[in-house]
*Asks:* 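Here it is: the structure, laid out below.
As the structure is a computational prediction, the values presented were derived from the model and not from experiment. Here is how names work: the chains are called A, B, and so on, in the same order as the sequence lines, proteins then strands, and each is numbered from 1.
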Amino acid sequence: MMNYFKLAYRNLGRHRRRSILSGLALAMGTALLMFIAAFFQGEMRSAMETTLRLNSGHLQVLAADYDPDKLSVAWKYLIEKPEQVAAQIETLEQVDVATPRLLASGIVTVQDDSVGVQIMGIDPASKANDPYRHLVSGDFLAADDREGILIGYPLAQNLGLKTGDQLSLLVNTSDGTVDEQMFTVRGIYTTGTTAYDKGIVFLPLAKAQAFSGAGDHASMIFVLLKDREQADAVAAAIPGGSFQVKTWRELNSLLVLVNDFSNAYLTVINLIILGITVTVIVNTLLMSVFERTREIGILSAIGMKGRQIIALFLAEASLLAVGGIAIGALAGWALSVYFGKVGIYFGDLGLSADMLFEDRIYTYLTLESAINLIITAFVFTIIASLYPARMASRMEPVEALHSAQ
Amino acid sequence: MEVAKLTDVTRIYKIGEVETRALNGVSITINDGEFTSLVGPSGSGKTTLLQLIGCLDQPTSGKVVIAGQETTGLSRNQRADLRKGTIGFVFQFFALIPTLTAYENVEMPLLLNGRNAAQRRQRVMELLASVGMTDRANNRPDQLSGGQQQRVAVARALATDPKLILADEPTANLDTENGEQVMEIMKKLNKDTGTTFVFATHDPRVIKYASRVVTLQDGLIVKDSDGNGKS
């Protein structure tokens with residue numbers, strides 16, 4: 001076996017520049033494969049994490065009749081005594097945090113400018129609300145604040161607001177009317193997701209309840225688990241009847257679908273890149289077969305069998321593949337790590353709240369994906385190399401010997 | 001003892017619609033220890049006959065028996081196996097593998113025969129010494145003269161101790177001195193080891209070493225004589 005590789009190494013050295021270029025093509029292909037995989041994985045991971053963290057949580061406990069599309073605060077759609085319900089849910093071992101939230105629709109007005117927003121009443125002390133604590137300016141809300149409001153950075157920019165400024169907030173109340181009140185911008189937050197930050201404003205839960213007439217009610221109990229894969233088990237443990245429990249999979253069916261789509265899309269891109277790359281390798285080996293026809297005839301004449309000639313050419317392909325893929329994997333990994341730290345800026349992707357992307361996409365590559373890609377690139381190269389190798393092995397010694405005389 | 005026996009062998013090459021009859025019902029027996037020259041003008045069928053004896057090609061009709069084994073109908077791999085243990089080749093062009101050293105070129109048939117490292121080393125050094133190439137063992141073909149390359153090729157042909165060595169115009173690309181040297185070496189090996197040699201040639205320098213001269217013309221054997229010209 002070593003002798004095949006020794007011979008293969010020397011054969012590749014005959015046309016060093018050609019071999020290096022072929023190896024580089026494979027390296028570039030592998031690096032590209034890894035970077036694209038890291039980009040897609042990073043994008044989907046970010047979308048999933050952002051959406052779960054900001055929007056859906058791992059579980060939502062809702063009143064049996066609650067319709068998330070209406071954002072109604074009529075009592076019949078809400079959960080009564082939500083703090084008690086949340087405290088009960090928090091006693092479950094798999095639950096990390098459970099906190100009540102009240103959602104209402106409203107309009108922010110500053111002078112002549114008005115923007116429709118979603119008002120979210122939150123318990124400021126809950127760690128589930130940590131993603132909103134990244135403040136551009138000002139302070140986070142206090143539970144007993146009756147005049148303060150937390151708004152997102154894009155909304156503040158849009159309306160020319162800064163901390164301490166006043167705004168008018170109109171809300172649809174529980175009895176079907178509207179109420180309006182002046183609030184002071186207590187702080188300006190950023191989650192890094194423009195689509196989210198420009199449309200959500202926060203009030204302390206007690207103030208939101210009082211303002212909207214929801215009384216001692218909330219729209220949902222927002223639940224984060226220690227392990228999101230436990231969502232179904234926890235959902236089953238929460239008594240039904242007056243509640244409906246939605247898991248993150250049910251709440252983000254679009255995102256799950258897009259994730260599946262992206263995997264299929266990634267497979268197609270991988271096949272295209274691999275196809276182009278292995279064509280270069282096959283071309284190199286074919287040229288080598290044509291140039292070395294007489295040599296193949298000599299080897300055959302001294303007793304080398306067809307399978308041994310195949311092994312010789314596969315050894316050359318293996319060396320090219322190992323060298324090229326190793327360099328490509330290192331480059332791909334380095335690119336993934338670099339852009340995993342600094343991210344790639346895309347700005348507001350303008351997607352709906354069903355699927356949230358951060359303004360920056362951070363590449364992310366798992367070791368498993370990297371190993372899969374490396375093995376796939378290697379196997380593809382070897383399979384493609386079978387064609388020139390078999391061509392060499394099927395040469396009749398007489399014809400091969402006379403080819404270049 | 002017969003090393004090779006060809007009976008009523010015909011070889012027709014077909015290129016497009018044109019048929020060329022390279023051999024036309026040739027029968028010949030090569031016996032153990034012979035030093036035979038196949039002579040004749042270009043196109044007489046010398047190389048074709050050599051290729052059939054060497055199992056590099058198969059006849060259109062007729063029977064070829066090498067070392068007691070009928071070769072008709074053997075697969076490509078079976079023929080490779082037969083060549084590996086029974087037949088050595090020396091070609092007109094200096095047919096060494098350019099990426100291997102002289103040592104490694106001689107070693108190659110031994111590797112294919114599955115000899116272990118110690119056996120290979122001993123045999124290769126023995127052979128290189130017998131052709132006077134010990135001091136160039138680590139040189140690659142492009143660092144050797146034509147005569148030196150051909151001596152290495154002879155050593156390689158002898159590596160597996162074959163019954164039969166076939167040489168196609170072995171001196172055609174050599175000057176007089178190198179051609180003589182190569183022929184002296186082969187003649188000595190023939191005497192010392194009893195290995196059978198068959199040459200295709202029209203070089204008088206080769207013919208003068210032959211113990212048997214077979215003359216071909218238009219794909220037929222027209223004369224079969226000993227080295228002194230007696231039929």
*Asks:* Looking at CG of B:L100 and CG of A:L7, how far apart are the two atoms once the value is rounded to the nearest 0.5 Å?
*Replies:*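 So the CG of B:L100 and the CG of A:L7 are separated by 5.0 Å.
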*Asks:* Pick whichever of B:C55, B:P98, B:G54 has the most heavy-atom pairs under 4.5 Å with chain A.
*Replies:*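 So the answer, after comparing B:C55, B:P98, B:G54, is B:P98.
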*Asks:* Relative to chain A, which segment of B:T160 carries a heavy atom at a distance below 4.5 Å: side chain, backbone, both, or neither?
*Replies:*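 Looking at B:T160, nothing touches chain A.
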*Asks:* For B:E126, I'd like to know if atom CD has over 12 heavy atoms of other residues, nucleotides or ligands within 6.0 Å.
*Replies:*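 Counting neighbours around CD of B:E126, more than 12 heavy atoms of other residues, nucleotides or ligands fall under 6.0 Å, so yes.
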*Asks:* Just wondering, are more than 12 heavy atoms of other shown residues or ligands nearer than 6.0 Å to CG in B:D218?
*Replies:*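 No.
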*Asks:* Measure B:L111 against the heavy atoms of chain A and call it side chain, backbone, both or neither at under 4.5 Å.
*Replies:*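 For B:L111, side-chain heavy atoms alone lie under 4.5 Å from chain A.
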*Asks:* Evaluate whether atom CD of A:E368 has more than 12 neighbouring non-hydrogen atoms of other residues, nucleotides or ligands under 6.0 angstrom away.
*Replies:*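 Atom CD in A:E368 is not crowded, with 12 or fewer foreign heavy atoms closer than 6.0 Å.
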*Asks:* Grab the two heavy atoms, one from A:I302 and one from B:L112, that are nearest each other, plus how far apart they are.
*Replies:*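 Closest pair (atom of A:I302, atom of B:L112, distance): O-CD1, 3.8 Å.
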*Asks:* Counting heavy-atom pairs under 4.5 Å with chain A, which one of B:P109, B:A95, B:A157 comes out on top?
*Replies:*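 Top count of heavy-atom pairs under 4.5 Å with chain A: B:A95.
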*Asks:* Residues in ring pair (Phe, Tyr, Trp, His ring centres under 6.0 Å) with A:Y265, at least two apart?
*Replies:*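 Partners of A:Y265 under the ring pair (Phe, Tyr, Trp, His ring centres under 6.0 Å) test: A:F40.
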*Asks:* Minimum heavy-atom separation for A:A301 and B:F91, please, with both atom names.
*Replies:*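 Nearest heavy atoms, A:A301 then B:F91: CB-CZ, 3.9 Å.
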*Asks:* Are the side chains of A:K305 and B:R79 in touch, meaning some heavy atoms are under 4.5 Å apart?
*Replies:*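 No; the side chains remain at least 4.5 Å from each other.
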*Asks:* For A:R18, I'd like to know if atom CZ has over 12 heavy atoms of other residues, nucleotides or ligands within 6.0 Å.
*Replies:*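 Counting neighbours around CZ of A:R18, more than 12 heavy atoms of other residues, nucleotides or ligands fall under 6.0 Å, so yes.
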*Asks:* Write down the atom of A:G303, the atom of B:K84, and the distance for their closest heavy-atom approach.
*Replies:*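 Of all heavy-atom pairs spanning A:G303 and B:K84, the closest is O-CD, 3.6 Å.
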*Asks:* Rounded to the nearest 0.5 Å, how far apart are OG1 of B:T99 and CZ of A:R292?
*Replies:*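 Here the interatomic distance stands at 7.5 Å.
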*Asks:* Checking B:R83 side chain against A:M304 main chain: does a donor-acceptor pair fall under 3.5 Å?
*Replies:*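 No, B:R83 side chain to A:M304 backbone: no donor-acceptor pair under 3.5 Å.
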*Asks:* Considering all heavy atoms of both residues, which atom of B:L56 and which atom of A:E396 are nearest to each other, and what is their separation?
*Replies:*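 Looks like O-OE1, 4.4 Å.
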*Asks:* With a 6.0 Å cut-off (strictly less than), is the heavy-atom count around CE of B:M133, excluding the residue itself, greater than 12?
*Replies:*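 More than 12 within 6.0 Å, yes.
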*Asks:* Counting only non-hydrogen atoms closer than 4.5 Å, does A:R394 touch chain B with its backbone (N, CA, C, O), its side chain (CB onward), both, or neither?
*Replies:*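 The answer is both parts of A:R394.
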*Asks:* Atom CZ of residue position A:R390 - does it have more than 12 heavy atoms of other residues, nucleotides or ligands inside 6.0 Å?
*Replies:*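 At most 12 heavy atoms, drawn from other residues, nucleotides or ligands, come within 6.0 Å of this atom.
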*Asks:* Under the ring pair (Phe, Tyr, Trp, His ring centres under 6.0 Å) test, which residues partner A:F339, sequence neighbours left out?
*Replies:*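 For A:F339 the ring pair (Phe, Tyr, Trp, His ring centres under 6.0 Å) partners, ignoring immediate neighbours, are A:F35.
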*Asks:* Can you see which heavy atom on A:G306 is nearest to which on B:N77, and at what distance?
*Replies:*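 In terms of heavy atoms, the two residues are closest at N-OD1, 3.1 Å.
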*Asks:* Picking from B:R76, B:M108, B:Q51, which has the most non-hydrogen pairs under 4.5 angstrom with chain A?
*Replies:*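 Top count of heavy-atom pairs under 4.5 Å with chain A: B:R76.
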